[in-house]
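All remarks here apply to the structure that follows.
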Amino acid sequence: MLSRSLTLNLVTTILVFAQSVSSLWPIPRTLQSGTTALKLSPGFEFKVDIPEPPADLLEAVVQAKTYLLTDNLGRLVVGRGSSDLPSLSNASSLPGLTLTLTTASPVLSISEESVADLTTRDESYELNVPADGSPATLTANTTLGLYRGLTTFGQLWYSYGGEIYTIEAPLWTLDSPAYPFRGFMLDTARNYFPVSDILRTLDAMSWAKINTFHWHVVDSQSFPLQVTAFPELSAMGAYAPTEIYSPTDVQDIIAYAAARGIDVLLEIDTPGHTTSIGYSHPEYIACNIASPWATFANEPPAGQLRFADPAVTNFTSELFTSVAQTLPSKFFSTGGDELNVECYVDDVLTQQILNATGRTLEEALDLFTRTTHGALEALGKTPVVWEEMVLDHNVTLSNNTVVMVWISSADAAAVAAKNFRIVHAPSDYFYLDCGAGEWISDDPTGNSWCDPFKTWQETYTFDPLANLTESQYPLVLGGEQLLWTEQSDPQNVDSIVWPRAAVSAEIFWTGATLPDGSPRNGTTALPRLHDLRFRMVQRGVRAIPLQPYWCALRPNECDLYA
């Protein structure tokens, strides 16, 4: 949090204003705003009052100014702002925004702060925008906090008649996230996404203060990740030589994300979902492309690592090490979901190894997990797993392991009962791919397994603390929305993801209550989510409309009982 003396000094001198801001997403946890018009001065400037500011902070300031000058977003009211002209004629002009840090200690870059340990990462900031023409101020403990404050500042402004303005001055917020982990997951294995699409997605994530890009980079269908120690994996496992992520691509994505306050959590799912490894190492894969696939896997193609084989364990440890040592994130996901036992029952080599060692399949899985996780922990990485590794298998996991709850939101209680930290990713609330119908062919009447479509309204009702005891609340790190891409590629990724993926961002940034103390609710959220969506479109993201344009311009007139 910001320094107590600075905070108390400002709180005691500021007036209490109506909390009417309809443009901020996620809405700050503390907010005081007015109804006075304020114009942006034609000579408006950002002042970075920091000795030797990091390069990425200066770049963020340039980007913030670019958005101010080019968003050209009309206010979402009938007339798109024409009714604001009378109040603008006598409005004061804001000359600038001054950025300062509360500490004189060594200043770290946004990129460095973005990958700091979750327990110490500081995204808090204090923003004060006076209505009388005095300069605005943005103060934080870290450059990452300044970046979050710049995002909030940029959402205040509209354009009409050649003016850039707000009608909600003065404004003050002392803001910080309720939960440290706010993510979005993209699967780039079922369909390939060029780097440019990932970078555009990272931009959109940053506008909603999403701070973790969970990159499900490989799966059974393809292995597009080029690994220096194992170049054959992508050479034979990618869809095409042009559809890979080179080490340079990966570092470019990581650097781009970090400069926007986003940590990259990379996942190599094991021991299931690994058929694509079999294109280069068929000896490592059980039930490789076996038929009928439904007997051996949740979706085609079938194939899983022969984890009982010591050679496979060594390979996987070396694979994890080769990739993880190039990543700044403290986290690395090893997956662990949807392990098909029948695959190993029918695999002659697996059964021979189990008989020779006297181990059960679960004991072999435990050894595999301890060894491969040990390789990550030796690099200082924290393993992240899907919930089955805790709830369905008897394996040894470090207490530091992070567990993603995905099958059902109800499973969080069972994971918490085992005292593991939780990231909420439940299919019943957060799966963006649901509701598009069955993608398996020769099944004309089939539906998606996770139907229905996850509306933003339903997602917004999610309670991160449901069914948990108060003593278990600290185990909840946050949550993420996810896009599995059986039916998505660059042509529709924006429309599938945005603005819905921003909903969990507010759940885990703002928390259960709004700044005025009332419970978070969809009715008051919708105008702000409209605003975010329209701003995204102005910036080149093809986010879908949430309602007819007529409704977006008339808040609450399309409510069910209006």
Side-chain angles (χ1 to χ4, degrees), residues 1-7 9-11 13-14 21 23-24 26 28-33 38-71 92-114 116 121-157 164 166 168-177 203 206-207 209 211 258-262 509:
M1 292 297 294
L2 295 173
S3 64
R4 181 174 175 83
S5 59
L6 185 153
T7 302
N9 184 52
L10 187 53
V11 170
T13 59
I14 197 164
V21 173
S23 60
L24 302 183
R29 298 174 69 196
T30 302
L31 180 64
Q32 297 171 344
S33 65
L38 177 67
K39 297 183 293 187
L40 206 66
S41 169
F44 178 89
E45 290 293 344
F46 289 94
K47 179 182 178 182
V48 182
D49 191 12
I50 301 168
E52 300 182 8
D56 59 5
L57 177 60
L58 296 179
E59 291 166 1
V61 167
V62 171
Q63 183 66 85
K65 186 170 184 179
T66 300
Y67 287 149
L68 282 177
L69 299 179
T70 61
D71 273 357
S92 299
S93 294
L94 186 71
L97 173 67
T98 301
L99 286 72
T100 58
L101 290 173
T102 61
T103 176
S105 59
V107 177
L108 299 180
S109 67
I110 298 170
S111 300
E112 291 171 302
E113 297 285 3
S114 297
R121 196 179 303 172
D122 189 345
E123 301 177 81
S124 64
Y125 66 92
E126 191 164 30
L127 175 64
N128 183 28
V129 182
D132 61 2
S134 303
T137 58
L138 173 59
T139 306
N141 298 327
T142 66
T143 54
L144 178 58
L146 292 176
Y147 185 77
R148 300 297 183 221
L150 283 172
T151 300
T152 299
F153 182 77
Q155 292 177 339
L156 294 172
W157 305 95
I164 301 173
T166 180
E168 296 169 327
L171 179 139
W172 170 82
T173 177
L174 178 65
D175 198 16
S176 63
D203 278 331
S206 73
W207 304 334
K209 298 186 176 72
N211 71 351
R260 286 153 182 78
I262 299 169
W509 179 284

query = Counting only heavy atoms not in Lys65, do more than 12 fall under 6.0 Å of its NZ?
reply = yes

Side-chain touch Asp203/Arg260, heavy atoms, less than 4.5 angstrom = yes

query = Do Thr100 and Thr137 have side-chain heavy atoms sitting under 4.5 Å apart?
reply = no

query = Do Leu99 and Tyr147 come within less than 4.5 Å of each other through their side chains, counting heavy atoms only?
reply = no

task = Look at the side chain of Asp175 and the backbone N and O of Tyr125, then say whether any donor-acceptor pair between them is shorter than 3.5 Å.
result = no

key: Donor-acceptor contact present, side-chain Gln155 to main-chain Thr152, <3.5 Å   = no

task = Indicate yes or no: at least one non-hydrogen side-chain atom of Gln63 is less than 4.5 angstrom from one of Leu150.
result = no

task = Looking only at non-hydrogen atoms, find the nearest pair between Thr173 and Pro28 and report the distance.
result = OG1-CB, 3.1 Å

ask   = Would you find a donor on one side and an acceptor on the other, under 3.5 Å apart, between the side chain of Ser114 and the backbone of Ala258?
value = yes

message = Quick check against the 3.5 Å criterion: does Arg121 have a side-chain atom that pairs as donor or acceptor with the backbone of Ala116?
response = yes

request  = Side-chain contact test, heavy atoms from C-beta onward, threshold under 4.5 Å: evaluate it for Thr151 versus Lys209 and give yes or no.
outcome  = yes

inquiry  = Determine whether a donor-acceptor pair (N or O, by modelled atom type, separation under 3.5 Å) exists between the side chain of Arg29 and the backbone of Pro177.
reply    = yes

request  = Look at the rings of Phe153 and Phe44 and say which category their plane angle falls in: under 30° parallel, 30 to 60° tilted, over 60° perpendicular.
outcome  = parallel

request  = Nearest 0.5 Å please: distance from the CG atom of Leu101 over to the CG atom of Leu57.
outcome  = 7.5 Å

remark   = Given the options Thr30, Val129, Leu127, Trp172 meets side chain to side chain contact (heavy atoms under 4.5 Å, CB included) only with Thr30

remark   = Heavy-atom closest pair (Pro95 atom, Gly133 atom, distance to 0.1 Å) is CD-O, 3.0 Å

ask   = Going through the distances and angles, do Leu171 and Leu31 end up as a side-chain contact (heavy atoms from CB on, under 4.5 Å)?
value = CA-CA 7 Å; Leu171 179 139; Leu31 180 64; 3.9 Å; yes

task = Could you tell me whether a side-chain N or O of Ser93 sits under 3.5 Å from a main-chain N or O of Leu40, the two making a donor and an acceptor?
result = no

ask   = Are the side chains of Lys47 and Pro135 in touch, meaning some heavy atoms are under 4.5 Å apart?
value = no

ask   = Heavy atoms, side chains only, cut-off 4.5 Å: are Val107 and Pro53 in contact?
value = no

task = Using the side-chain hydrogen bond (donor to acceptor under 3.5 Å, both in side chains) rule, pick out the option among Asn141, Thr143, Thr142 that qualifies with Asp122.
result = Asn141

query = With no hydrogens and no angle check, is any side-chain donor or acceptor of Ser134 less than 3.5 Å from a backbone partner on Pro130?
reply = no

ask   = So how far is it from Ser206 OG to Asn211 CG, rounded to the nearest 0.5 Å?
value = 11.5 Å

request  = Taking the side chain as every heavy atom from C-beta outward, state whether Leu138 and Leu146 have any atom pair closer than 4.5 Å.
outcome  = yes

ask   = So which heavy atom on Asp56 is nearest to which on Ala259, and how close?
value = CB-CB, 4.2 Å

request  = Please lay out, stage by stage, how Ser23 and Glu168 fare under the test side-chain contact (heavy atoms from CB on, under 4.5 Å).
outcome  = CA-CA 10 Å; Ser23 60; Glu168 296 169 327; 3.9 Å; yes

query = Hey, mind stepping through Asp132 and Leu38 against side-chain contact (heavy atoms from CB on, under 4.5 Å) and telling me if it holds?
reply = CA-CA 8 Å; Asp132 61 2; Leu38 177 67; over 6 Å; no

query = Yes or no on side-chain hydrogen bond (donor to acceptor under 3.5 Å, both in side chains) for Trp157 and Tyr67, after CA distance, side-chain angles and deciding distance?
reply = CA-CA 10 Å; Trp157 305 95; Tyr67 287 149; over 6 Å; no

